[in-house]
K.L.:
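My questions will all concern the structure given below.
Not measured: the values here are computed from a predicted model. Along the sequence shown, residues are numbered consecutively beginning with 1. What you see below is based on every heavy atom in this structure, not just the backbone, and it leaves out hydrogens, waters and symmetry mates.
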Amino acid sequence: MKIFPAIDLLDQKVVRLYQGDYQQKEVFGDDPVAFAQAFEQAGANYLHLVDLDGAKAGKLHYFETAQKIVENTNLFVEVGGGIRDEETIKHCLSAGVDRVILGTIAQKNPAFTQAMLKKYRNKIAIGVDAKDGKVAVEGWLEKTATDAFDFCQQLVVWGAETIIFTEIARDGTGEGINLPLYQKLNQLEAEIVASGGVASLNDIEGLKQLGISGAIVGKSLYNEKLKLEDVLAAGREEH
């Protein structure tokens, strides 16, 4: 299973939010490149980079940070937060970003999203953020009436190969992963990456047993409840 340590950027700082609340943030540092390099040294191959300012504003803020991480590590880097047009997608991919995450735009502009999935295929992941079972958009600030699971089914029809599913109520809480939810999502014909609430190695092992493609780990690494080396070992496929 792919393990994605997460770097969330807000006000030029590396932060973690509690349940996606911009008012409840913890700051962990101001050098995202150093965090990415430390993750790589610990054995990570993947990185999940989120531009929280961009998600709120609808425009990517930290392109240069993403570029620096690409230039200074060998990590597979995926970037999300405020990516709403093809120009930004091209810009990121040409700078060496491996995968671009579309979130709000996927819900608000189906035609654009289908066109991008068709054109860029596995270079695009769709981020589905769920609040009370409904899709939330605009940096999690706005809850829609769309059922999150139904939306994921729709995304597969559109050609989405990777869906990053976040349960907002668990994000940053250390509550643990909702395994029955991911069991249901895993019936879909797409790679599912679980996000929000990974709190223990049991969460990782549970997801791995379900056959989930990947997991994003954030706060539990930053507050040192989990060591990245242990998480990577738990996620590794036994040969």
K.L.:
Glu78 versus Ile216: any side-chain heavy-atom pair under 4.5 Å?
P.N.:
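A side-chain contact under 4.5 Å exists here.
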K.L.:
Check whether any side-chain heavy atom of Gln37 sits under 4.5 Å from a side-chain heavy atom of Val33, and report yes or no.
P.N.:
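Yes, close enough: below the 4.5 Å cut-off.
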K.L.:
Considering residues at least two apart in sequence or located in another chain, which fulfil the ring pair (Phe, Tyr, Trp, His ring centres under 6.0 Å) criterion with Tyr222?
P.N.:
Phe28, Phe35
K.L.:
Which residues pass the side-chain hydrogen bond (donor to acceptor under 3.5 Å, both in side chains) test with Asp31, not counting sequence neighbours?
P.N.:
none
K.L.:
What are the two closest non-hydrogen atoms of Arg99 and Asn122, and how far apart are they?
P.N.:
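What the structure gives for the nearest pair is CD-O, 3.5 Å.
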K.L.:
Is it the case that atom CD in Glu71 sees more than 12 heavy atoms from other parts of the structure closer than 6.0 Å?
P.N.:
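Yes, because the 6.0 Å sphere around CD of Glu71 holds more than 12 heavy atoms from other groups.
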K.L.:
Is Leu226 close to Leu201 at the side-chain level, that is, under 4.5 Å between some pair of heavy atoms?
P.N.:
yes
K.L.:
For the NZ atom of Lys59 and the CD1 atom of Ile83, what is their distance to the nearest 0.5 Å?
P.N.:
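Going from the NZ atom of Lys59 to the CD1 atom of Ile83 covers 11.0 Å.
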K.L.:
Ring pair (Phe, Tyr, Trp, His ring centres under 6.0 Å) with Phe76: which residues, sequence neighbours excluded?
P.N.:
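Ring pair (Phe, Tyr, Trp, His ring centres under 6.0 Å) check on Phe76 returns Tyr46.
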K.L.:
Hey, could you give me each pair passing side-chain hydrogen bond (donor to acceptor under 3.5 Å, both in side chains) that has a residue in residues 209-221? Not counting sequence neighbours.
P.N.:
Glu26-Lys219, Glu191-Ser213
K.L.:
Is the shortest side-chain heavy-atom distance between Leu232 and Leu228 below 4.5 Å?
P.N.:
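The answer is yes, as the side chains (C-beta and beyond) meet within the 4.5 Å cut-off.
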K.L.:
Taking the side chain as everything from C-beta on, heavy atoms only, tell me whether Asp51 gets closer than 4.5 Å to Val79.
P.N.:
no
K.L.:
Mind checking what makes side-chain hydrogen bond (donor to acceptor under 3.5 Å, both in side chains) contact with Gln24, not counting sequence neighbours?
P.N.:
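Checked Gln24 against side-chain hydrogen bond (donor to acceptor under 3.5 Å, both in side chains); matches are Asp21.
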K.L.:
Taking only residues two or more places apart in sequence, or in another chain, which ones meet Lys119 in a salt bridge (Lys or Arg N to Asp or Glu O under 4.0 Å)?
P.N.:
Glu86
K.L.:
Is there side-chain contact between Leu102 and Ile126, with at least one heavy-atom pair below 4.5 Å?
P.N.:
yes
K.L.:
Look only at the side chain of Asp203 and the backbone of Ala199, and say whether a donor-acceptor pair between them is shorter than 3.5 Å.
P.N.:
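Answer holds: yes.
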K.L.:
Can you confirm whether Thr73 sits close enough to Phe39 that some side-chain heavy atom of one is under 4.5 Å from a side-chain heavy atom of the other?
P.N.:
no
K.L.:
Examine Met116 and Ile164 and state if one hydrophobic cluster contains both, with Ile, Leu, Val, Met, Phe, Trp and Tyr joined whenever side-chain heavy atoms are less than 4.5 Å apart.
P.N.:
no
K.L.:
List the atom pairs, with distances to 0.1 Å, where a side-chain N or O of residues 3-18 and a protein N or O form a donor-acceptor pair under 3.5 Å, not counting sequence neighbours.
P.N.:
{"from": "Asp8", "atom 1": "OD1", "to": "Arg16", "atom 2": "NH1", "distance (Å)": "3.3"}
{"from": "Asp8", "atom 1": "OD2", "to": "Arg16", "atom 2": "NH1", "distance (Å)": "3.2"}
{"from": "Asp11", "atom 1": "OD2", "to": "Lys25", "atom 2": "NZ", "distance (Å)": "3.0"}

K.L.:
To the nearest 0.5 Å, what is the distance between CG (Leu47) and CG (Asn74)?
P.N.:
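The CG atom of Leu47 sits 12.5 Å away from the CG atom of Asn74.
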K.L.:
Spell out, as yes or no, whether a donor-acceptor pair under 3.5 Å connects the side chain of Arg170 to the backbone of Gly176.
P.N.:
yes
K.L.:
Report the distance from atom CD1 of Ile212 to atom CG of Asn186, rounding to the nearest 0.5 Å.
P.N.:
4.0 Å
K.L.:
What's the shortest heavy-atom distance between Ala136 and Lys131, and which atoms?
P.N.:
CB-CB, 4.3 Å
K.L.:
In chain order, what residues pass the side-chain hydrogen bond (donor to acceptor under 3.5 Å, both in side chains) check against Thr65, with sequence neighbours excluded?
P.N.:
none
K.L.:
Examine distances only and state if a side-chain atom of Lys143 and a backbone atom of Lys134 form a donor-acceptor pair shorter than 3.5 Å.
P.N.:
no
K.L.:
If you look only at distance, which donor and acceptor atoms sit under 3.5 Å apart when one is on a side chain in residues 145-153 and the other is two or more places apart or in another chain?
P.N.:
{"from": "Thr146", "atom 1": "OG1", "to": "Gln107", "atom 2": "NE2", "distance (Å)": "2.5"}
{"from": "Asp147", "atom 1": "OD2", "to": "Phe149", "atom 2": "N", "distance (Å)": "3.1"}
{"from": "Asp147", "atom 1": "OD2", "to": "Asp150", "atom 2": "N", "distance (Å)": "2.9"}

K.L.:
How far does CD of Glu205 sit from CG of Leu207, to the nearest 0.5 angstrom?
P.N.:
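These two atoms lie 10.5 Å from each other.
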K.L.:
Go through the structure and list residues passing ring pair (Phe, Tyr, Trp, His ring centres under 6.0 Å) with His91, not counting sequence neighbours.
P.N.:
Phe63
K.L.:
Nearest 0.5 Å please: distance from the CD1 atom of Ile163 over to the CG atom of Leu155.
P.N.:
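That separation rounds to 5.0 Å.
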K.L.:
Side-chain contact, heavy-atom cut-off 4.5 Å: Ile101 with His48?
P.N.:
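They are in side-chain contact.
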K.L.:
Can you tell which of Val193, Val128, Asp129 makes a side chain to side chain contact (heavy atoms under 4.5 Å, CB included) with Thr166?
P.N.:
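In the set Val193, Val128, Asp129, the residue that makes a side chain to side chain contact (heavy atoms under 4.5 Å, CB included) with Thr166 is Asp129.
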K.L.:
What residues, two or more places apart in sequence or in another chain, satisfy side-chain hydrogen bond (donor to acceptor under 3.5 Å, both in side chains) together with Gln67?
P.N.:
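Expected list: none.
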K.L.:
For a quick test of reading the model, state the closest non-hydrogen atom pair linking Ala36 to Ile69 and the distance between them.
P.N.:
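Answer, listing the atom of Ala36 first, then Ile69: CB-CG2, 3.8 Å.
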K.L.:
Would you find a donor on one side and an acceptor on the other, under 3.5 Å apart, between the side chain of Asp85 and the backbone of Glu87?
P.N.:
yes
K.L.:
What's the spacing between Gln154 CD and Leu188 CG if we round to 0.5 Å?
P.N.:
11.5 Å
K.L.:
I need the minimum non-hydrogen distance between Ile204 and Ala215, along with the two atoms involved.
P.N.:
CD1-CB, 4.1 Å
K.L.:
Just list the side-chain donor-acceptor pairs under 3.5 Å for residues 177-184, sequence neighbours left out, or say none.
P.N.:
{"from": "Asn178", "atom 1": "OD1", "to": "Leu181", "atom 2": "N", "distance (Å)": "3.3"}
{"from": "Asn178", "atom 1": "ND2", "to": "Glu167", "atom 2": "OE2", "distance (Å)": "3.4"}
{"from": "Tyr182", "atom 1": "OH", "to": "Phe165", "atom 2": "O", "distance (Å)": "2.8"}
{"from": "Tyr182", "atom 1": "OH", "to": "Ser195", "atom 2": "N", "distance (Å)": "3.4"}
{"from": "Tyr182", "atom 1": "OH", "to": "Ser195", "atom 2": "O", "distance (Å)": "3.3"}

